Amino acid sequence: DGFNKALPNILKYYPEHQHQLALEKKLVLQIPQLTRLPSLEAQISNGSVVGKNFSIEELISSYFGTHSQLPLLPFQVYGVDWLSSLDRAMLADDMGLGKTFQALAGISKMILEGEVTRILIICPRSLVFTWYAEIKKWTPYLSATAVIPSGNAAESVWKSRTGKSQIIITSYEQLRTNSNYMIEQAQLVVCDEAHKLRNRSSNLSQSFRNLSPQKVWFLTGTPVERDSEDFATLFSLLLPKIFTPSDHKLGIDILKSRAKPYLLRRRKSEVLKELPPMLERQEFLELSTEQARSYREMLSDSETSTLVKFGKLRHICDLDPVTGTSTKLDRIQ
């Protein structure tokens with residue numbers, strides 16, 4: 001089963017348990033109960049979003065107990081199965097069709113089946129904690145950590161985290177400067193907003209080549225089939241044995257034909273009937289005491305022009321500039 005397939009790869013990074021296994025011919029570990037997800041503030045304070053060191057018990061707990069099925073739509077089920085069946089693939093669905101969700105479901109499937117134990121997710125820095133939050137929301141049984149160290153700490157942080165978490169989330173800036181430290185984690189590499197790699201002469205593209213991953217999934221909602229050079233560069237990274245950057249000379253139609261088995265792109269118009277209806281709900285909120293005070297003061301300001309005053313009043317309704325209080329933010333938290 002998945003656990004038996006995964007265990008040797010996990011033990012590689014826990015040599016003390018390798019020794020135990022060799023002596024006892026078996027490995028007895030206490031599997032912790034999965035607990036309720038702590039708040040993001042608690043996760044930040046205990047270090048789990050900035051490179052937490054996981055124990056072997058936390059890693060293997062994923063393989064025990066029952067896990068709820070992710071609520072996938074039919075076209076997303078197909079996308080997950082398609083991704084999971086390929087070592088190299090580009091999921092290029094339109095924005096809003098759940099590429100992150102499909103990739104996460106595929107990652108979970110690959111981990112639980114023991115196909116991979118180390119995943120590296122590379123995305124824009126602004127999305128690092130979005131990925132972390134999505135993982136903890138939908139697949140809390142997986143171990144995940146964000147690794148975005150700075151300066152001289154990079155080498156020690158990366159070396160201490162590699163292999164100690166099933167999923168490491170990092171940024172393209174880290175890829176550019178610290179790719180050498182990511183190689184061990186790069187069993188499955190998932191590149192979100194993969195079109196950022198499309199410049200073949202950039203340091204980013206070369207750093208990606210240094211990873212030499214076993215499996216690669218590219219995610220992008222930006223149409224890549226419009227420019228033959230971008231298309232050829234991306235597929236030379238995804239499938240270096242089939243494509244080269246100079247293949248752009250063949251033209252986009254030939255490139256698309258060759259890439260067809262490895263490229264899945266669905267437009268919203270194609271799956272519209274499967275999408276749930278959009279729900280809109282209006283809520284009317286009272287301003288906080290501080291916001292109301294600032295609002296009244298701005299209304300009584302006779303020196304500010306009407307147009308400028310209107311903009312400032314709208315801003316106050318979002319956030320009080322003096323105290324930082326916000327009824328809207330309180331409501332959505």
Side-chain angles (χ1 to χ4, degrees), residues 2 6 34 36-38 40 43 48-49 52 54 58-59 61-63 65-148 161 165-172 182 185-196 213-221 238 264-266 271 274-276:
L34 296 177
R36 185 166 175 255
L37 181 67
L40 182 59
Q43 293 171 54
S48 59
V49 296
K52 177 183 177 183
F54 289 87
E58 287 177 283
L59 290 178
S61 67
S62 304
Y63 301 94
T66 56
H67 308 305
S68 300
Q69 293 291 323
L70 273 66
L72 296 162
L73 295 169
F75 78 91
Q76 294 174 324
V77 171
Y78 178 84
V80 172
D81 291 341
W82 180 81
L83 273 175
S84 303
S85 68
L86 294 170
D87 287 346
R88 308 271 166 157
M90 178 184 287
L91 181 60
D93 287 347
D94 274 353
M95 292 180 64
L97 295 187
K99 291 184 294 297
T100 300
F101 196 42
Q102 293 173 74
L104 182 54
I107 287 170
S108 177
K109 180 180 179 181
M110 299 288 281
I111 288 177
L112 295 180
E113 291 178 354
E115 296 299 320
V116 295
T117 56
R118 304 183 307 282
I119 294 93
L120 181 68
I121 296 174
I122 306 172
C123 61
R125 186 183 176 94
S126 60
L127 296 180
V128 168
F129 295 119
T130 300
W131 266 97
Y132 181 83
E134 289 297 297
I135 291 168
K136 290 304 175 185
K137 177 180 180 180
W138 297 109
T139 56
Y141 47 86
L142 300 181
S143 65
T145 188
V147 178
I148 44 176
R161 308 315 182 204
S165 176
Q166 290 162 329
I167 304 170
I168 286 180
I169 314 156
T170 193
S171 65
Y172 282 106
M182 303 178 184
Q185 186 71 24
Q187 189 178 13
L188 165 61
V189 175
V190 179
C191 290
D192 192 11
E193 306 285 356
H195 51 273
K196 291 186 175 294
Q214 296 177 29
K215 301 174 184 290
V216 183
W217 295 347
F218 280 0
L219 312 178
T220 179
L238 186 66
L264 181 60
R265 175 165 171 73
R266 278 85 56 91
V271 298
E274 297 183 34
L275 295 176

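Keep in mind it's a predicted model, so treat the numbers as computed, not measured.
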Enquirer: Please report the closest heavy-atom contact between Phe218 and Val216, naming both atoms and the distance.
Expert: CE1-CG1, 3.4 Å
Enquirer: Quick one: pull up OG1 in Thr117 and CG in Leu188 and give me the separation to the nearest 0.5 Å.
Expert: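 Thr117 OG1 to Leu188 CG: 10.5 Å, rounded to 0.5 Å.
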Enquirer: Between atom CG of Leu120 and atom CE of Met182, what is the distance when rounded to the nearest 0.5 Å?
Expert: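 Output value for this atom pair is 6.0 Å.
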Enquirer: Looking at CG of Leu219 and CG of Leu83, how far apart are the two atoms once the value is rounded to the nearest 0.5 Å?
Expert: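 Between Leu219 CG and Leu83 CG, I get 7.0 Å after rounding to 0.5 Å.
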Enquirer: Report the distance from atom OG1 of Thr220 to atom CE of Met95, rounding to the nearest 0.5 Å.
Expert: 9.5 Å
Enquirer: How many angstroms lie between CG in Leu86 and NZ in Lys215, if you round to the nearest 0.5 Å?
Expert: 9.0 Å
Enquirer: Can you find a pair of side-chain heavy atoms, one from Ser84 and one from Met110, that are under 4.5 Å apart?
Expert: yes
Enquirer: Which value, rounded to the nearest 0.5 Å, describes the distance between Ile121 atom CD1 and Trp217 atom CH2?
Expert: 10.0 Å
Enquirer: Which heavy atom of Cys123 sits nearest a heavy atom of Asp192, and at what distance?
Expert: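 Result for this residue pair: CB-CB, 3.8 Å.
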Enquirer: With a 3.5 Å cut-off and sequence neighbours excluded, list the donor-acceptor pairs that the side chains of residues 98-107 form with protein atoms.
Expert:
unit_1	atom_1	unit_2	atom_2	d
Lys99	NZ	Asp93	O	3.1
Gln102	OE1	Arg266	NH2	3.0
Gln102	NE2	Asp93	OD2	3.2
Gln102	NE2	Leu97	O	3.3
Gln102	NE2	Gly98	O	3.2

Enquirer: How close do Ser165 and Gln185 get, heavy atom to heavy atom, and via which atoms?
Expert: O-NE2, 3.1 Å
Enquirer: Can you name the residues that form a salt bridge (Lys or Arg N to Asp or Glu O under 4.0 Å) with Lys109, not counting sequence neighbours?
Expert: Asp81
Enquirer: Give me the atom names and distance for the closest heavy-atom approach of Pro213 to Val189.
Expert: CB-CG2, 3.6 Å
Enquirer: Within the structure provided, determine whether Thr170 and Val128 are in side-chain contact (heavy-atom separation under 4.5 Å).
Expert: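 They are not in side-chain contact.
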Enquirer: Do Asp94 and Arg265 have side-chain heavy atoms sitting under 4.5 Å apart?
Expert: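 Asp94 reaches Arg265 side chain to side chain.
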Enquirer: State which residue, out of Thr139, Val116, Leu142, fulfils the side-chain contact (heavy atoms from CB on, under 4.5 Å) condition with Gln166.
Expert: Leu142
Enquirer: Has Phe75 got more than 12 heavy atoms of other residues, nucleotides or ligands less than 6.0 Å from its CZ?
Expert: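 Yes, CZ of Phe75 has more than 12 neighbouring heavy atoms, counting only those of other groups under 6.0 Å.
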Enquirer: Which atom names give the shortest non-hydrogen contact between Ala144 and Tyr132, and what distance separates them?
Expert: O-CE1, 3.4 Å
Enquirer: Could you pull out all residues at least two apart from Glu115 that satisfy salt bridge (Lys or Arg N to Asp or Glu O under 4.0 Å)?
Expert: Lys5
Enquirer: Tell me the closest heavy-atom pair linking Ser108 and Tyr141, and the distance in Å.
Expert: OG-OH, 2.7 Å
